[in-house]
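Please read the structure below before turning to the comments.
Positions are given from 1, in the same order as the sequence printed here. Only this structure's heavy atoms are used, side chains among them; waters, hydrogens and symmetry mates stay out.
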Amino acid sequence: MEEKSKVFIFIDEEIKPIAELISPVNFELDTSKLIDGKHVLRIVSKDPTGKEGIRLIPFEVRNGPAISIEGIQENAVVDGIVPIMINAYGKGNQKNFLIVGSETPQSIPFWIFILLILFIGWAIYYLVTSSAVKLFV
C-alpha cells in the first residue's frame with residue numbers, strides 16, 4: 001500500500017494544528033471563529049520519508065461590521081475642526097443580505113457643483129442672447 005503525505009494546517013503561531021489530514025486535501029476554513037485582522041495560514045506537509053515542506057499564506061479576516069469613514073483619510077495631516085462621518089454595518093450571513101444600513105451616505109463631490117454652476121451660467125447666457133434676437137420683423 002502506498003503511503004501518502006500528511007498535511008498539518010495551523011493558524012498564526014498556534015502550536016496545535018487546526019487540522020491534520022492525508023493528502024490530497026479539500027478543506028473549508030471557518031473564519032467566523034477568528035478575530036478580525038491579519039492572520040497567517042501555515043501549511044506543513046510531511047512526506048512518508050519524514051521530509052517537511054511549509055507554505056505561509058497571509059490573509060485578512062473581516063467578519064465584523066464594515067466601517068466606512070468620510071472626512072479623514074489614513075495618515076492625513078489635519079488642523080482645526082474636521083467633520084467626520086462614520087457608518088458601520090453588518091453583512092448578515094451567507095444566506096441573508098442586510099439592506100438596512102448597507103449603503104454609506106456620501107457628500108456630493110465638488111465637481112457636481114462646478115457642472116451645475118456652468119450649466120446655469122450657460123442657460124442664463126442662452127436665454128439672454130436668444131431673447132435679443134427677433135425672428136419676425
Practice task
Using the rule that two of Ile, Leu, Val, Met, Phe, Trp, Tyr join whenever any of their side-chain heavy atoms come within less than 4.5 Å, decide whether Ile57 and Val61 are in one cluster.
Solution key: yes
Exercise for the section: Can you sort out the partners of Asp30 under side-chain contact (heavy atoms from CB on, under 4.5 Å), two or more places apart, ordered by chain and number? Expected result: Ser32, Lys33
Completion exercise
Rounding to 0.5 Å, atoms NZ (Lys6) and CD1 (Ile22) come to a distance of 5.5 Å
Handout entry: ring-ring contact (aromatic ring centres under 6.0 Å, His included) partners of residues 5-31, not counting sequence neighbours, each pair once
Key = none
Practice task
Answer yes or no: is there a side-chain heavy-atom contact under 4.5 Å between Leu29 and Ile18?
Solution key: yes
Problem - Hydrophobic cluster identity match, Val44 and Ile11, side-chain contacts under 4.5 Å - result: no
Exercise for the section: Taking the side chain as every heavy atom from C-beta outward, state whether Ser45 and Ser23 have any atom pair closer than 4.5 Å. Expected result: no
Handout entry: pair Glu70-Ile84: side-chain heavy atoms closer than 4.5 Å
Key = no
Exercise for the section: With Lys46 as reference, evaluate Glu20, Glu3, Glu52 under the salt bridge (Lys or Arg N to Asp or Glu O under 4.0 Å) test and give the passing residue. Expected result: Glu52
What side-chain donor-acceptor pairs closer than 3.5 Å can you find for residues 115-127, not counting sequence neighbours?
none

Handout entry: Exam field: side chain Asn63 to backbone Thr31, donor-acceptor pair closer than 3.5 Å
Key = yes
Handout entry: Which atom of Asp12 lies closest to which atom of Lys38, heavy atoms considered
Key = OD1-O, 4.5 Å
Practice task
Starting at CD1 of Ile9, measure out to CD of Glu14 and round the result to the nearest 0.5 Å.
Solution key: 14.0 Å
Practice task
State, to 0.1 Å, how close Ala76 and Ile72 come at their nearest heavy-atom pair, and which atoms those are.
Solution key: CB-CG1, 4.0 Å
Practice task
Group every Ile, Leu, Val, Met, Phe, Trp and Tyr by side-chain heavy-atom contacts under 4.5 Å, then state whether Val40 and Val7 land in the same group.
Solution key: no
Practice task
Report, as yes or no, whether the 6.0 Å neighbourhood of atom CD on Glu60 holds more than 12 heavy atoms from other residues, nucleotides or ligands.
Solution key: yes
